[in-house]
2 protein chains.
Amino acid sequence: MRLVVARCEVRYSGRLSAVLPEALRLLMFKSDGSVMVHSDAGGYKPENWMTPPTVIEESEGEIVVRKLGGEDRLDIRLAEIVSDVTHDMGEAAALQKDGVERELQELLADAPEWCGEGFRLVRREWPTDIGPVDLMCRDAQEDWIAVEIKRLGTISAVEQLTRYLERIRLDPSMGSCRGVLAAQSIKPQARVLAEARGIDCVEVDLAVLRGEREPDLTLFA
Amino acid sequence: MRLVVARCEVRYSGRLSAVLPEALRLLMFKSDGSVMVHSDAGGYKPENWMTPPTVIEESEGEIVVRKLGGEDRLDIRLAEIVSDVTHDMGEAAALQKDGVERELQELLADAPEWCGEGFRLVRREWPTDIGPVDLMCRDAQEDWIAVEIKRLGTISAVEQLTRYLERIRLDPSMGSCRGVLAAQSIKPQARVLAEARGIDCVEVDLAVLRGEREPDLTLFA
DNA sequence: ACTTAGATTTCGCCG
DNA sequence: CGGCGAAGTCTAAGT
């Protein structure tokens, strides 16, 4: 994430036209392409912004942000730069690729303990009559755990896992099967719903799983 | 404006409960009391926030943000502070916008003939007991026409105008009042519904209304 | 203070 | 991909 504090004039044209006269503002460039222009007051909303996908061109004293497939355009004329810093906030949050869910599944299949203490893999793609569960594990107490893996944990991911659990528990020997939702990022509302249904949530870091980076905290300390 | 880049865990409780696991994030404290928690991805919206008025208490390794008159509360547990800077941004001049519904209404009030041939304005914000109609006009035959103005013409705009007409026509002298939906752009489904209800649709071009550009077609050719 | 309606709404789902 | 509805909607304006 790049944070620029600068005296600047900002012009937006697209669905409407807007001009922000020259003043000190915060420019926020997220690695997903989002751009936001905040002033010190004005509350929650940015004074100006562009949502992804965007193309950002920077030249001397000027930054132009264009919407990838559209007409929208943000022209930022920089009069004075007070501060310009870039923070690496973790690649896992920044990168979003299509094959991520599959890679997550492969990595978690190799290291199911990231989904819960003492977990060991029984099989990937455990079949149920309404579709396969991503991972089926057992823990040290020999309890069953169904793991649903997503890039982004949403309400519908919780619903999906709930449906699987409903089917799985019909088998008397798996009547106490638990559920775990594992994702790079889990939406707050999905977390609430999962908790209400007794489903555990685990956020996993792709870089850590790959062994590219050390975990920030000792697991299960 | 204070900008803190920190590894932190954030808990929100209020209208719902949410937990953001420990990760690197940007904390933004505006001088109007707004607090926003941004991650590097996730687009326009903060992961968590509090709108003013707020009370902010800071102690060692923890920041608590409370809503002044309410229950809402944000607990930020700081694990590691990467950066913590405060910028005095003074006050930024106000945003100048145009192309919003207000401007459309002003332009069409000055030139109601764009809403229909021979239209002349009787008054803006014509009051009914369920709210004001944007424009009330009469045409060459002295017929009444209620005009609803939107930036984007949707189903709900047609519904709104229908409700107004329903009220207006209760007045015997206006029993034959017609309706016109004027918008920069009108959704096909809204157009269908409007037609079915005998409401005329007019797409207006902002640049033409402003006199910046000639109309593509002769009106009422 | 409460209610209503607009927003460059954004966001997510479902066809 | 477009339409629809929800959002911790937020925000400004009117009563």
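In what follows, every chain begins at residue 1, and chains take the letters A, B, ... in the order their sequences are listed.
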Study note, to complete from the structure: Each base of DNA chain D marked ( ) or [ ] if paired in-strand (Watson-Crick or G-U under 3.5 Å), | if paired to another strand and . if unpaired gives |||||||.|||||||
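In this structure, a donor-acceptor pair under 3.5 Å is absent between the side chains of Lys45(A) and His38(A). In this structure, a donor-acceptor pair under 3.5 Å is absent between the side chains of Arg25(A) and Ser39(A). There is a side-chain donor-acceptor pair under 3.5 Å between Asp72(A) and Tyr12(A). Between the side chains of Arg197(B) and Thr162(B), at least one donor N or O sits under 3.5 Å from an acceptor N or O. If you check the side chains of Thr51(A) and Lys67(A), you find a donor sitting under 3.5 Å from an acceptor.
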Short N/O separations, protein against nucleotides 13-15 of chain C, under 3.5 angstrom:
unit_1: dC13(C); atom_1: OP1; unit_2: Ser156(A); atom_2: OG; d: 3.4

Below 3.5 Å between N/O atoms, which protein atoms pair up with nucleotides 6-8 of chain D? Just atom names and distances, please.
unit_1: dG8(D); atom_1: OP2; unit_2: Gln189(A); atom_2: NE2; d: 2.0
unit_1: dG8(D); atom_1: O3'; unit_2: Arg15(B); atom_2: NH1; d: 3.2
unit_1: dG8(D); atom_1: O6; unit_2: Asn48(B); atom_2: OD1; d: 2.0
unit_1: dG8(D); atom_1: O6; unit_2: Trp49(B); atom_2: N; d: 2.8
unit_1: dG8(D); atom_1: O6; unit_2: Trp49(B); atom_2: O; d: 3.2
unit_1: dG8(D); atom_1: N1; unit_2: Trp49(B); atom_2: O; d: 2.4
unit_1: dG8(D); atom_1: N2; unit_2: Trp49(B); atom_2: O; d: 3.3
unit_1: dG8(D); atom_1: N3; unit_2: Tyr12(B); atom_2: OH; d: 3.3

Which atoms of nucleotides 2-5 of chain C (N or O only) lie under 3.5 Å from a protein N or O atom, and what are those distances?
none

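Arg73(A) has a carboxylate O that lies under 4.0 Å from a charged side-chain N of Asp75(A), or vice versa, which qualifies the two as a salt bridge.
Nucleic acid contact class of Gly42(A) (heavy atoms, under 4.0 Å, all strands): sugar-phosphate only.
The line from CZ of Phe119(B) to CD1 of Ile145(B) is 4.0 Å long, rounded to the nearest 0.5 Å.
Residue Lys187(A) has a polar side-chain atom (N or O) positioned under 4.0 Å from OP1 or OP2 of dG12(C).
Residues satisfying the side chain to side chain donor-acceptor pair (under 3.5 Å) test with Thr154(A), not counting sequence neighbours, are Ser156(A). Among residues two or more places apart in sequence or in another chain, the ring pair (Phe, Tyr, Trp, His ring centres under 6.0 Å) test is passed with Tyr44(A) by Trp49(B).
Only one option out of Gln160(B), Glu148(B), Arg124(B) pairs with Asp134(B) in a side-chain contact (heavy atoms from CB on, under 4.5 Å); it is Glu148(B).
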